[in-house]
Amino acid sequence: MRGIAVVSALLTWPAFAAAQALPTPGENLEISLITYGPGEIYWERFGHNAILVRNLSTGRSVSYNYGMFDFEQDDFFVNFLRGRMMYQIGAFDFEQEYPFYIDEGRSVEQQVLELAPARKVELAQFLANNAKPENASYRYDYFVSNCSTKLRDALDKALDGAIRKQSEGRSRGYTFRLDALRLTAPDRWLMLVIDLGLGPYADQRLDFWRESFVPMTLASVVSKTTLADGRPLVSSRRMLAESRIGEPPLLPPDLRPWFAMLGLAVAVALTALQATRQNVFSRIAFASIATLLSLLFGLGGLVLIGLWGFTEHQSAWRNENLLLLNPLCLLLLPTWIGAFRRGWSVSPRAQILAWAILFCAAVGLFLKVLPSFVQANLHWILLILPIHLALARSARLSSAPES
């Protein structure tokens, strides 16, 4: 019997040894969060990120990112205007992908994550399945469902909610608006257009979980996350490339003093030009400025109404700037065009309309003292309210025909 046992052991030993030599599924995988800094093109200003799955046995590295869009997509711009944007997750060879970002001058940071082998397999399988053509598309929202939040949610699921638990309720006081403006600050006109179009939804205070819609914020949150046993989630962190573009500012510029001075300057100029209308230059300048401003204010108001009433851009709904960019301004265009004539007078109806527009703008200022109206648009009030006052005053002073 002893001989039989020895022979049996010798026969089974190779299989046992081979089984012992097999690695645990997932041990040969390395999972990293890749964060790309802001670029110079307007859609690159918010940065970008991806999850890198590297097979240490084969050397194959696959980068999964949720930021794929195509201008050639059917009705892309129509869907963008309506707030029904469709983006996709893409899977790319990382070694071929990240040099593209380096060539653009963008920073590239890698954070290797300390996940259990089984969770690495689950996450890799989830991403691979998500990247299949039939699953790749998703409904995009720039604040709550973008390239960063999709990665955040996938990582959080693999960690049994550790990222959310450790980032919810903690805040540095930022809002969607503040992040959007500071990141687009290098493109001043883009920053101003975004600021005008955002309503009070964009001014809610964010904790770090929600602020992780910004890839760089998610990178910071992940770097500070710990596992259940107290170990840091990030096992190693390294910069693959430094930015040649420059870091975005921590805060957007304070426009209040500049807008207040500009609004006052325009108002004073309109008042002075109206008072010297006997001069041809003053008359033409006044009429041109008044007409152009009313046209811009009125058309801007129509755009804000369209965003609120006919699109799914919830961040643009209930925009208090409608009290400043008033569509009623369009009804005054004949009045201001008439100011090109030397014998110009303003009808009582036009005067009432001008003062009604001024009243709406003044209401916008009054609302700043009410806690339920949180939209951060004081700078726009400081710019536009004095202009409406100057126009209303000019309409009143021009109520009688000139001699």
Side-chain angles (χ1 to χ4, degrees), residues 77-78 81-83 189 192-200 259 262-271 273-274 277 282-311 313 315-367 375 377-402:
F77 289 102
V78 173
L81 292 174
R82 297 171 65 190
W189 285 108
L192 294 175
V193 169
I194 290 175
D195 188 31
L196 266 177
L198 290 175
F259 274 24
L262 179 59
L264 182 60
V266 174
V268 169
L270 285 169
T271 301
L273 291 171
Q274 193 277 338
R277 288 192 69 257
S282 296
R283 185 164 60 250
I284 294 176
F286 172 82
S288 299
I289 295 173
T291 301
L292 178 61
L293 289 174
S294 288
L295 180 63
L296 292 176
F297 293 161
L299 291 178
L302 291 180
V303 171
L304 296 185
I305 289 176
L307 288 171
W308 184 0
F310 302 99
T311 77
H313 292 284
S315 59
W317 296 348
R318 296 178 51 243
N319 194 328
E320 295 170 27
N321 287 328
L322 261 171
L323 295 168
L324 304 169
L325 304 181
N326 199 322
L328 294 177
C329 291
L330 296 176
L331 299 180
L332 282 178
L333 285 178
T335 298
W336 305 128
I337 293 173
F340 283 100
R341 301 193 307 270
R342 187 173 185 277
W344 173 60
S345 64
V346 180
S347 68
R349 182 176 298 178
Q351 291 181 56
I352 294 173
L353 187 57
W355 284 95
I357 292 171
L358 173 62
F359 175 78
C360 290
V363 168
L365 177 61
F366 172 75
L367 292 178
Q375 184 168 331
N377 69 333
L378 179 59
H379 49 295
W380 291 108
I381 295 174
L382 295 175
L383 171 65
I384 299 176
L385 179 58
I387 297 175
H388 283 314
L389 175 59
L391 290 174
R393 182 176 179 276
S394 297
R396 181 177 67 81
L397 294 176
S398 303
S399 58
E402 298 179 351

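Keep in mind that what you see is a predicted model, and the values were worked out from it rather than measured. This chain uses plain numbering: 1 for the first residue, then up along the sequence.
Below 30°, between 30° and 60°, or above 60°: for Phe286 and Trp344 the angle between ring planes is between 30° and 60°, a tilted geometry.
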Show your reasoning for whether side-chain contact (heavy atoms from CB on, under 4.5 Å) applies to Leu325 and Val303.
CA-CA 9 Å; Leu325 304 181; Val303 171; over 6 Å; no

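Rounding to the nearest 0.5 Å gives a distance of 6.5 Å between CG of Leu293 and CG of Leu270. Atoms CG and CG, on Leu383 and Leu264 in that order, are 11.0 Å from each other to the nearest 0.5 Å. Note that CD1 of Ile352 and CZ of Phe359 are 14.5 Å apart. Values are rounded to the nearest 0.5 Å. To the nearest 0.5 Å, atoms CD1 (Ile384) and CG (Leu391) are separated by 11.5 Å. In this structure, CG in Leu273 is found 11.5 Å from CD1 in Ile284, a value given to the nearest 0.5 Å. The line from CD1 of Ile357 to CG of Leu328 is 5.5 Å long, rounded to the nearest 0.5 Å.
In plain terms, the two heavy atoms of Leu322 and Gly301 that are nearest each other are CD2-O, 3.5 Å. The heavy-atom pair separating Arg341 from Arg283 by the smallest distance is O-CD, 3.4 Å. Here the shortest heavy-atom pairing between Trp380 and Leu196 reads CZ2-CG, 3.5 Å. Nearest heavy atoms, Pro386 versus Ile381: CD-O, 3.7 Å. The two atoms that bring Val346 and Ala350 nearest to each other are CG1-CB, 3.6 Å, heavy atoms only. The minimum heavy-atom distance linking Leu358 with Ala392 is given by the pair CD2-CB, 4.1 Å.
With His388 contributing its side chain and Leu324 its backbone, the two residues share a donor-acceptor pair below 3.5 Å. The backbone N or O of Gly83 lies less than 3.5 Å from a partner atom in the side chain of His313, making a donor-acceptor pair. A donor-acceptor contact shorter than 3.5 Å links the side chain of Gln375 to the backbone of Glu320. Arg277 places a side-chain N or O within donor-acceptor distance of the main-chain N or O of Ala339, the cut-off being under 3.5 Å.
In this structure, the side chains of Asn377 and Asn319 stay at 4.5 Å or more apart for every pair of heavy atoms. Taking 4.5 Å as the limit, some side-chain heavy atom of Leu323 sits within range of a side-chain heavy atom of Leu367.
Taking the side chain to side chain donor-acceptor pair (under 3.5 Å) definition, one finds that Thr271 meets it with nothing, sequence neighbours left out. The side chain to side chain donor-acceptor pair (under 3.5 Å) search around Ser288 returns none, not counting sequence neighbours.
Contacts classified as side-chain hydrogen bond (donor to acceptor under 3.5 Å, both in side chains) and involving residues 324-340 (residues at least two apart or in different chains) are given here: Ser294-Trp336.
For Phe340, the CZ atom counts as densely surrounded, since its 6.0 Å shell holds more than 12 non-hydrogen atoms of other residues, nucleotides or ligands.
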